[in-house]
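Residue numbers count from 1 along this sequence. In each ligand, atom 1 is the first atom listed, and ligand 1 is the first ligand listed.
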Amino acid sequence: MSKNNVAVNVEGVSKIYRLGVKEQTSEHIAEMLWGFLRSPLQNFRKYRSLYNFDDIDLNENGLVGGQRDDILWALRNVSFSVNEGDVVGIIGGNGAGKSTLLKILSRITPPTSGNVTIHGRVSSLLEVGTGFHPELTGRENVFLNGTILGMRRKEVTQKFDEIVAFSDVEKFLDTPVKRYSSGMRVRLAFAVAAHLEPEILIVDEVLAVGDAAFQQKCMNKMQDVGKEGRTVLFVSHNMPAVSSLCDRVVWLDHGQKITEGPAQEIVGKYLLEGVDTTAHRVWKDPSSAPAGKFARLREVRVISKDGDIIGHHDIQEPIGIQMEYEVLQGGEVMLPHFRVRNDNGVLVFVTLDHDPKWYQQPRPAGRYVSTVWIPGNLLNEGPHFIECNLMTRLPDILQFREINVVSFTVTGNMEPGTARGDWPGRLKGVVSPALKWETQYSKD
Ligand SMILES: Nc1ncnc2c1ncn2[C@@H]1O[C@H](COP(=O)(O)OP(=O)(O)OP(=O)(O)O)[C@@H](O)[C@H]1O
Ligand SMILES: [Mg+2]
């Protein structure tokens with residue numbers, strides 16, 4: 001399979017729901033067919049009432065003219081495309097439209113307007129149901145899913161043992177799926193979706209269910225699927241997992257696409273959203289800048305090792321915090337210092353300027369830039385806030401103190417060399433140093 005062929009193209013897709021009418025979606029074609037066979041007329045009527053928006057005036061872009069409060073936009077004019085072999089994350093807050101988008105891509109529900117083109121065999125694992133028929137046994141469901149994916153019985157048989165081994169539900173293979181716990185269902189469903197060689201694998205929030213070991217297995221499997229040149233679309237609220245697994249990320253909010261781009265960058269922006277500070281603060285007008293008798297603050301920046309101002313930093317990279325200030329009246333010993341807090345308000349550390357050049361040295365009047373470097377693999381993942389201070393020494397007189405003046409986010413990944421090893425979940429603690437580990441082995 002060559003790269004750069006489009007696998008999924010989403011073009012101006014909108015989905016509206018009528019408020020107060022609950023759509024009964026079937027999580028899988030098998031279930032949907034079963035439902036239709038059981039009560040065709042009832043379902044047909046329901047289908048008509050749900051998807052008939054004749055009374056709503058859609059313009060040529062498929063968008064509603066005027067304001068209406070009886071409908072809800074689950075998706076609004078969303079477009080993006082995914083190339084073959086891309087592993088793409090879809091992120092956004094609760095109700096952003098992520099699951100709706102995946103249901104449309106899996107053909108479980110149609111878009112109200114817009115087009116979806118898919119090149120390749122899709123296998124999906126969606127959040128609510130797990131793609132199984134509840135009355136059938138685990139074994140029967142595996143074969144049914146294979147058939148739906150267009151595989152021959154022999155092909156499914158060849159994969160069967162692998163699926164069972166991965167899912168760890170061997171004892172329950174001949175039990176109807178309705179008797180499974182939700183964890184067991186998800187295990188089997190993921191095993192089926194990932195092993196039946198789909199060309200496009202769609203996974204919604206699988207990491208929310210199941211224990212840590214299973215989550216890790218799923219992550220590894222998805223990584224393998226991606227490496228084999230197949231396409232993966234992955235929805236998750238677990239940002240370290242998204243940024244390490246995905247090449248690209250599409251960010252949705254209230255049904256609309258906010259932006260898309262390289263995974264780390266978009267995840268960093270997403271984490272900082274709603275946080276009312278920036279990586280750069282300037283006081284253009286000196287008269288409004290924080291100041292004391294001897295010094296005045298002019299700028300605070302968060303920089304990368306290359307000197308660029310950026311608000312998101314890979315956990316392995318150093319982070320520079322820089323203050324630019326004027327000494328208004330020379331002759332004092334100055335002590336610039338920063339405090340770093342995390343998003344729980346916990347003071348992670350205080351750092352004071354101990355540059356030997358200025359140690360106990362009076363500073364002449366003029367402009368100064370003081371930078372401190374926080375090494376990589378020190379701060380834990382997540383947002384951090386900087387307090388910027390400067391005081392004179394002996395007597396100790398505070399010249400300025402700016403709390404939460406700039407902020408930045410540390411983004412994690414599962415590359416070797418960080419504290420998390422290959423653990424996908426959140427690591428607690430205010431710091432996350434990559435300490436040295438050694439494990440010795442002996443046979444007895
Ligand atoms: N079947 C439905 N009938 C009516 N409204 C729906 C239906 N499915 C979703 N919605 C609404 O559409 C919006 C988008 O929901 P969706 O499930 O796609 O969000 P999400 O991004 O997956 O959220 P979460 O992170 O909580 O899973 C929500 O406001 C939701 O209430
Ligand atoms: Mg969802």
Does ligand 1 come near enough to Gly97 that some N or O of the ligand is less than 3.5 Å from an N or O of the residue? yes

Glu299 and His280: side-chain donor and acceptor closer than 3.5 Å? yes

Val405 and Phe400, any side-chain heavy atoms less than 4.5 Å apart: no

Can you figure out which of His254, Lys98, Lys103 has its heavy atom closest to atom 21 (O) of ligand 1? Lys98

Considering the heavy atoms of Leu72, write down every atom of ligand 1 situated less than 4.0 Å from one of them. 11 (C), 12 (O), 13 (C), 29 (O)

Within the structure provided, determine whether Val410 and Ile319 are in side-chain contact (heavy-atom separation under 4.5 Å). yes

So, are Glu265 and Lys269 salt-bridged, with charged N and O less than 4.0 Å apart? yes

Could you tell me whether the Mg ion (ligand 2) has an N, O or S atom of Ser99 under 2.8 Å away? yes

Check ligand 1 against Ser99 and write out every atom of the ligand that is under 4.0 Å from a heavy-atom position of the residue. 17 (O), 18 (O), 20 (P), 22 (O), 27 (O)

Got a sec: does the NE2 of His337 have more than 12 other heavy atoms crowding it under 6.0 Å? yes

May I ask you to say whether Lys98 pairs ionically with Asp204, meaning some side-chain N is under 4.0 Å from a carboxylate O? no

Would you call Gly92 a ligand 1 contact, heavy-atom distance under 4.0 Å? no

Which of the atoms in ligand 1, numbered in the order shown and given with their element, are less than 4.0 Å from a heavy-atom of Ala74? 12 (O), 13 (C)

State if His237 counts as touching ligand 1 under the rule of any non-hydrogen atom under 4.0 Å. yes

